[in-house]
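Before any comments, here is the structure.
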Number of protein chains: 2
Amino acid sequence: MQWNELGEQTCSMSRTLSVIGDRWTLLILRDCFLKVRRFDDFQSRLGIGRPILADRLQKLVDSFVLTKVAYQQNPMRYEYRLTQKGLDLYPVIMAIVHWGDVHMSGKKGRPLLHRHMTCGHNFDPVQVCSECAETLDPRQVQVLPGPGAANRDHMPADAAAGSRAGRAKAG
Amino acid sequence: MQWNELGEQTCSMSRTLSVIGDRWTLLILRDCFLKVRRFDDFQSRLGIGRPILADRLQKLVDSFVLTKVAYQQNPMRYEYRLTQKGLDLYPVIMAIVHWGDVHMSGKKGRPLLHRHMTCGHNFDPVQVCSECAETLDPRQVQVLPGPGAANRDHMPADAAAGSRAGRAKAG
DNA sequence: GCAGGCCAGTTCCACTTTAGAACCCACATT
DNA sequence: AATGTGGGTTCTAAAGTGGAACTGGCCTGC
């Protein structure tokens, strides 16, 4: 499967990864949430190659995650800002950072802290059920085909006739 | 910056991406949460090349996200299972899937639904503050250096002396 | 009125990674 | 002995990446 075929899959994960699932894109977005907005600032903070940065920014603009806003004329200069679609990636970024804080921090502890201005405390992000507000445990979640499901595509492995004997090749 | 330098950065995001931030790894993990466990099943469901699948599974085992469990002898056969460290990636996976559901679903709607067995409802994952349980808004979150912070490394862009004039080159 | 600098890219080339197919090996079945 | 199964490894060509240099409009200083 090529990278550009990913977005056509009947799977929200694949489709999301076709936008953000690249070596650099999530790091660019992290910096966006840290209020970096300009080409050279991304470039020097990330140490990314200029051609790749230009390509990734363009792709993020094309997929409406970022938008270019003029900040000067003569010559026209644009900065890159998160759209609402981009802002909606916040839980993704925070979940990744939090996992790193828990599982990949050195002895010295986590590099960044997050303070919730609403309540005034340093916090961790927690993922809860939208219906009962309890913390989600993967073992308490059942996956079901939704309205946009393709037949037998990316269903749970155990939903396909119960055992390996009965399964059809998924490809 | 090379891929293998990423894990050495003083940033939880970089460190996490050094483990999971690859084109295929998150798709493999999605299938792990869908209870796929065997080499050929990953291969046929994902359409991934065998050499790359072998490499990614090995790396996930090396970083303790997956573990190999024998399910038969003569010949020895192993299946790949999520460790606790791997299970802790659930919020990451769910956040990505949810973003795809909201922003990348076709007309037909989302491909998969999630049912919370604890409360019996279909749900969406919601990210909340661990302290006050309110939904997180990036504009209400302030980023501060933590105990493991390196000097001036990956700080918010606006924490560096307030304006572009005063900033030192971050590299 | 020309050198040099700033910002935002683009071009070029060497190097690395990936995709895809074929091959391999240790059994187990027929 | 031939065939099948599970889990890989070995190839090659194509794609992607990193780094440095180049482009080009505008501004500043001299």
Side-chain angles (χ1 to χ4, degrees), chain A residues 1-6 17-18 21-28 31 36-62 66-81 157 163-171, chain B residues 1-6 17-18 21-28 31 36-62 66-81 157 163-171:
Chain A
M1 180 160 50
Q2 307 286 74
W3 207 211
N4 49 349
E5 298 170 46
L6 249 190
L17 292 181
S18 73
D22 147 274
R23 196 195 298 242
W24 287 110
T25 302
L26 279 167
L27 289 169
I28 292 170
D31 269 9
V36 179
R37 306 208 192 294
R38 298 190 187 178
F39 192 92
D40 275 16
D41 290 341
F42 286 111
Q43 205 270 314
S44 59
R45 285 171 61 94
L46 295 173
I48 183 175
R50 293 175 150 273
I52 296 157
L53 177 59
D55 178 74
R56 294 305 183 279
L57 288 172
Q58 188 55 53
K59 281 186 177 147
L60 286 169
V61 169
D62 290 346
L66 297 181
T67 183
K68 285 167 85 160
V69 178
Y71 70 87
Q72 86 175 26
Q73 268 136 350
N74 292 335
M76 279 305 270
R77 294 271 186 255
Y78 298 93
E79 48 183 35
Y80 295 90
R81 288 173 168 268
S163 87
R164 297 175 60 71
R167 93 187 193 286
K169 193 173 157 68
Chain B
M1 179 162 50
Q2 308 285 72
W3 204 214
N4 49 347
E5 298 170 43
L6 250 190
L17 292 181
S18 73
D22 146 272
R23 194 195 299 244
W24 286 110
T25 302
L26 280 166
L27 289 169
I28 292 170
D31 269 10
V36 178
R37 306 210 193 293
R38 298 189 188 179
F39 192 91
D40 275 17
D41 290 342
F42 286 110
Q43 204 271 315
S44 59
R45 287 171 60 97
L46 295 172
I48 184 176
R50 293 175 151 273
I52 296 155
L53 177 59
D55 178 73
R56 294 305 181 277
L57 288 172
Q58 188 56 52
K59 281 184 177 149
L60 286 170
V61 170
D62 290 346
L66 298 181
T67 183
K68 285 168 86 162
V69 179
Y71 69 89
Q72 91 174 21
Q73 268 138 349
N74 288 336
M76 277 308 266
R77 293 275 185 253
Y78 297 92
E79 49 183 33
Y80 294 90
R81 288 174 169 267
S163 86
R164 297 179 59 72
R167 92 187 192 285
K169 193 172 155 72

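Every chain is numbered from 1 and lettered A, B, ... according to where its sequence line falls, protein lines coming before strand lines.
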Revision key, fill the gap. Closest non-hydrogen atoms of Phe42(B) and Val36(B), given as atom of the first, atom of the second and distance, are CZ-O, 3.4 Å
Check your understanding: Atom CG of Leu53(B) to atom P of dG20(C): distance rounded to whole Å?
Key -> 14 Å
Exercise for review: Taking atom CD of Gln72(A) as the centre, report whether more than 12 heavy atoms of other residues, nucleotides or ligands fall under 6.0 Å from it.
Suggested key: yes
Check your understanding: Closer than 4.0 Å, any side-chain N/O of Arg56(B) to the OP1 or OP2 of dT18(C)?
Key -> yes
Review point. Of the nucleotides dG8(D), dG6(D), dG25(D), which has the atom closest to the Arg77(A) side chain?
Key: dG25(D)
Check your understanding: Starting at the 5' end of DNA chain C, which residue's closest nucleotide do you reach first, Glu79(A) or Pro51(A)?
Key -> Glu79(A)
Review point. What distance do Thr67(A) atom OG1 and Leu60(A) atom CG have between them, rounded to the nearest 0.5 Å?
Key: 11.5 Å
Study note, to complete from the structure: Winner on side-chain proximity to Arg23(A), out of dT17(C), dT11(C), dG7(D), is dT17(C)
Check your understanding: Taking the nucleotide of DNA chain D with the closest heavy atom to each, which residue, Arg50(B) or Asp55(A), is nearer the 5' end?
Key -> Arg50(B)
Review point. Quick one: CG on Leu66(A) to CD on Gln58(A), what's the gap to the nearest 0.5 Å?
Key: 10.5 Å
Check your understanding: CD1 of Ile52(A) versus P of dG9(C): gap in Å, rounded?
Key -> 15 Å
Practice item. Could you tell me the separation between the CD atom of Gln72(B) and the C1' atom of dG7(D), rounded to a whole number of Å? Key: 11 Å
Exercise for review: To the nearest Å, give me how far apart CG (Leu46(A)) and P (dT17(D)) are.
Suggested key: 14 Å
Review point. Taking the side chain of Pro75(A) as heavy atoms from C-beta outward, which of dG7(D), dG25(D), dG18(D) is closest to it?
Key: dG25(D)
Check your understanding: Closer to the 5' end of DNA chain D via nearest nucleotide, is it Gly49(A) or Tyr78(B)?
Key -> Tyr78(B)
Exercise for review: Measure from CD1 on Ile48(B) to P on dT17(C) and round the result to the nearest Å.
Suggested key: 16 Å
Exercise for review: Could you check whether Phe42(B) gets within reach of a base, just the sugar-phosphate, or nothing at all, counting any heavy atom under 4.0 Å?
Suggested key: nothing
Exercise for review: Ignoring the backbone of Tyr71(B), work out which of dG6(D), dG24(D), dG18(D) is nearest its side chain.
Suggested key: dG6(D)
Check your understanding: Within this structure, what is the CE-to-C1' distance between Met76(B) and dC25(C), rounded to whole angstrom?
Key -> 16 Å
Practice item. Can you tell me the distance, in whole Å, between the CG atom of Asp41(B) and the C1' atom of dG7(D)? Key: 12 Å
Revision key, fill the gap. Asp22(B) atom CG is separated from dG16(D) atom C1', nearest whole Å, by 13 Å
Check your understanding: So does Trp24(B) get a side-chain nitrogen or oxygen closer than 4.0 Å to the phosphate oxygens (OP1/OP2) of dT18(C)?
Key -> no
Practice item. Please state whether the phosphate of dG6(D), meaning OP1 or OP2, lies under 4.0 angstrom from any side-chain nitrogen or oxygen of Tyr80(B). Key: no
Study note, to complete from the structure: Of all heavy-atom pairs linking Tyr71(A) and Glu79(A), the shortest is CD2-N, 3.7 Å
